[in-house]
Amino acid sequence: MCGRYSFAALAEEVENRFHIKIDGSTWKVRYNCAPTQELAVITNEEPGKISYLRWGLIPSWAKDAAIGNKLINARSESAAEKPAFKNSISSRRCLVLSNGFYEWKKVGKIKIPMFITLKEHPLFAMAGIWDRWSAPGDINIETFSILTMKPNEIMSTIHNRMPVILSPSIERKWLETSDPEMQKKLCISPNSSAMQMHQVSTLVNSPATDHPDLIRPVGGEQASLF
DNA sequence: CCAGACGTTGTT
DNA sequence: GTCTGG
DNA sequence: CCAGACGTTGTT
DNA sequence: GTCTGG
């Protein structure tokens, strides 16, 4: 699964990497992107810029926004058939921008946060879908969900799902294709050999923290010295 | 027909 | 235990 | 994902 | 909105 990630980069790097224009005055580096927050994505509707959408998809027909708390992920294998996701995947897709994501590895009763990155790509995009919900009072809320898939070998050592990470060459296609078969073909896992992970501090557990230290490697043994 | 759900993950 | 909020 | 709350009435 | 269950 993917329930927390980082998007730490310079605005200029993001502009060059994703071929977009950024208003630098609003740029924020983020190390602890969490559900319900407004986070940076590129939508099919406005692919030339960053849009800030709330993480946790609220379907357009929802009566209660609370459903969004549960819909932070969508299974890539079945999203096209699910009432909550089918409209979104067919007409509203997005790129969820990241430099790495967190997964908690269970060891007995304790959970150890790990940070996963791509060796060759300091920045990448996860496959996302989004929707627009009219809140009472004529306010539109735009929300998104991150697609998941079966883990590759390295990810299976800590979890039984992983986010869909798009290779740079198919990012544009993900935004453009409404064909379900094509979409499934785009959801390919990067090779284990292209990924790396390391243990990080449990400071990341609290969504209120946001600091470069969150993605810094820590040693399991070292931590216990203090 | 109407009512009610609509989801994922992980754990058992 | 389960839901909400970040 | 994890952390933190989980309730009501009436009064300030 | 659309599907499932009764």
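The model shown is predicted, which means the values in this text are computed figures rather than measured ones.
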**Prompt:** Are A:Glu12 and A:Lys21 close enough, and set up right, to give a salt bridge (Lys or Arg N to Asp or Glu O under 4.0 Å), and what steps lead you there?
**Reply:** CA-CA 9 Å; A:Glu12 193 184 347; A:Lys21 255 334 226 181; over 6 Å; no
**Request:** Check the pair A:Arg17, A:Glu171 against salt bridge (Lys or Arg N to Asp or Glu O under 4.0 Å), reporting the backbone distance first and the verdict last.
**Result:** CA-CA 11 Å; A:Arg17 168 66 177 75; A:Glu171 286 164 0; 2.8 Å; yes
**Prompt:** Are A:Lys49 and A:Glu46 close enough, and set up right, to give a salt bridge (Lys or Arg N to Asp or Glu O under 4.0 Å), and what steps lead you there?
**Reply:** CA-CA 6 Å; A:Lys49 64 186 273 274; A:Glu46 296 186 275; 3.6 Å; yes
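When A:Trp55, A:Phe101, A:Tyr102 are each tested for a ring pair (Phe, Tyr, Trp, His ring centres under 6.0 Å) with A:Tyr5, only one passes: A:Trp55. In summary, of the residues considered (A:Arg161, A:Lys150, A:Lys82), a salt bridge (Lys or Arg N to Asp or Glu O under 4.0 Å) with A:Glu77 occurs for A:Arg161 alone.
For B:dC1 and D:dT9, the C1' atoms lie 45 Å apart once the distance is rounded to whole Å. For the P atom pair drawn from C:dC3 and D:dG7, the interatomic distance equals 12 Å after rounding to whole Å. Distance check on atom P: B:dC2 versus D:dT8 gives 35 Å, rounded to whole Å.
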**Complete:** Protein heavy-atom contacts under 4.0 Å, written 5' to 3' over nucleotides 2-9 of chain B as B (base), S (sugar-phosphate only) or - (none), form the string ----BBSS
Ignoring hydrogens and angles, write down the donor-acceptor pairs under 3.5 Å from the side chains of residues 114-129 of chain A, residues two or more places apart or on other chains.
| residue | atom | partner | partner atom | Å |
| --- | --- | --- | --- | --- |
| A:Thr117 | OG1 | A:Gln196 | NE2 | 3.4 |
| A:Lys119 | NZ | A:Ser193 | O | 2.9 |

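Taking atom CG on A:Asn87 and atom P on E:dT2, their separation rounds to 7 Å, with Å as the unit. The nearest whole Å value for the distance from the NZ atom in A:Lys86 to the C1' atom in E:dT2 is 7 Å. One atom, CD1 of A:Ile72, and another, C1' of C:dG6, lie 11 Å apart when rounded to the nearest Å.
With hydrogens and angles ignored, the 3.5 Å screen pairs a side-chain donor or acceptor of A:Trp27 with a backbone N or O of A:Ala9.
Ion pairing between a basic and an acidic side chain is recognised when a charged N comes within 4.0 Å of a carboxylate O; A:Arg54 and A:Glu38 show no such pairing.
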**Fill in**
With both pairing distances under 3.5 angstrom for Watson-Crick or G-U wobble, and | for a partner in another strand, the correct string for DNA chain D is ||||||......
